[in-house]
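Before any comments, here is the structure.
One-based numbering, in listed order, for ligands and for the atoms of each. Just so you know, residue 1 is the first one in the sequence shown, and it goes up from there.
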Amino acid sequence: MISKVKRKKIIVGNWKMNPVSPEEVKKIVSGIKKVAYSPRKVDVVLCPPFMFFEMVSKLLKNTKVLFGSQDISGEEKGSFTGQISASMILSLGGKYSIVGHSERRKEGEDDVLVNKKIMRAIQAGITPIVCIGELVRDDHGEYLSFLEKQIKAVFSGITKEFVSKVVIAYEPVWAIGKTEAMSPHDIYETSLYVRKVLSQMYGMETSKILSILYGGSVTSDSAVTILNEGNVDGLLIGRQSLVPEDFSKIISYANTL
Ligand code: PGA
């Protein structure tokens with residue numbers, strides 16, 4: 001018999017290369033402090049730029065907020081200038097790392113490297129938030145085979161036991177940094193498809209425990225409909241995670257579900 005699984009909601013804030021100063025960091029953090037103490041039904045994960053990582057985690061000490069990095073190295077340690085390892089993130093109290101974000105892929109990261117980073121994260125005890133998503137959407141369903149190929153490539157050689165420690169973020173690249181998110185209906189259909197591919201790879205039981213988030217131009221308004229109708233377990237939020245009122249609204253709403 002297949003058991004019913006209730007997956008906890010996850011709201012991730014990806015600050016990207018923002019803000020520019022510690023003063024601004026303080027402002028943003030003080031704006032979300034109120035909700036930072038309250039989330040219980042939802043895991044809130046903040047991914048600030050690495051240089052602000054310690055500062056943000058100190059400012060939010062004793063709150064329920066969790067921390068993650070925006071990227072990690074595919075290597076364990078050594079002569080890799082400019083890179084940060086999964087163990088370093090862990091030693092600073094980080095629990096997550098975004099892996100394979102399309103903005104990293106634009107810089108040349110491929111599925112092989114993303115695969116390596118997923119392994120490194122899991123081995124170090126960090127949860128990788130694995131970004132997948134098509135570059136464009138066509139009328140003939142080619143984006144579906146793109147997605148299938150990408151999922152198979154990034155999880156290649158990753159066992160059932162390992163994959164159960166992963167969070168997936170479906171982020172259609174064409175919907176990132178725009179004015180509108182993808183429609184909840186399309187998110188619903190695509191998340192079903194992603195779970196179907198994972199179920200073919202790992203079996204239904206395992207696919208059911210995996211959290212699938214949506215990311216791409218989410219606002220505090222669209223967050224409500226996406227969380228209600230999009231069949232996803234949370235959101236990966238870029239720009240709106242830098243606007244404390246909006247980010248707080250999203251967290252508060254997710255906390256009611
Ligand atoms: P956006 O970014 O919310 O600003 O579109 C999302 C992301 O890139 O993770």
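Nearest protein heavy-atom neighbour of atom 2 (O) of ligand 1: K16 NZ, 3.2 Å. Among all non-hydrogen protein atoms, the one lying nearest atom 9 (O) of ligand 1 is E171 OE2, 2.7 Å. Summary of contacts: the protein heavy atom closest to atom 4 (O) of ligand 1 is R239 NE, 2.7 Å. Protein heavy atom closest to atom 3 (O) of ligand 1, with residue, atom name and distance, is G238 N, 2.9 Å.
Remark: the E161 side chain and the Y202 side chain contain no N/O donor-acceptor pair separated by less than 3.5 Å.
For the ligand labelled ligand 1, residue G177 lies inside the 4.0 Å heavy-atom shell. Heavy-atom separations between K178 and ligand 1 are all 4.0 Å or longer. Using a 4.0 angstrom heavy-atom cutoff, H101 counts as in contact with ligand 1.
Under 4.0 angstrom from ligand 1, the non-hydrogen atoms of N14 all belong to its side chain.
Interatomic distance, OG1 of T190 versus CE of M182, reported as 3.5 Å (0.5 Å rounding).
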Name the atoms and distances for all side-chain donor-acceptor pairs under 3.5 Å in residues 41-53, with sequence neighbours left out.
from: K41; atom 1: NZ; to: L257; atom 2: O; distance (Å): 3.1
from: D43; atom 1: OD1; to: K8; atom 2: NZ; distance (Å): 3.0

For residues 22-32, dump all side-chain donor-acceptor pairs below 3.5 Å to protein atoms at least two apart in sequence or in another chain.
from: E24; atom 1: OE2; to: S21; atom 2: OG; distance (Å): 3.4
from: S30; atom 1: OG; to: K26; atom 2: O; distance (Å): 3.3
from: S30; atom 1: OG; to: K27; atom 2: O; distance (Å): 3.1

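Numbered from 1 in the order shown, with element, the atoms of ligand 1 that lie under 4.0 Å from a heavy atom of S217 read 1 (P), 3 (O), 5 (O). Near L236, the atoms of ligand 1 lying under 4.0 angstrom from a non-hydrogen atom of the residue are 9 (O).
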Residue pair Y214, D186: steps toward the side chain to side chain donor-acceptor pair (under 3.5 Å) verdict:
CA-CA 11 Å; Y214 167 79; D186 287 350; over 6 Å; no

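No continuous path of ILVMFWY side-chain contacts below 4.5 Å connects I132 to L213, so the two sit in separate hydrophobic clusters. Residues I209 and M201 do not share a hydrophobic cluster, clusters being chains of Ile/Leu/Val/Met/Phe/Trp/Tyr side chains in contact below 4.5 Å.
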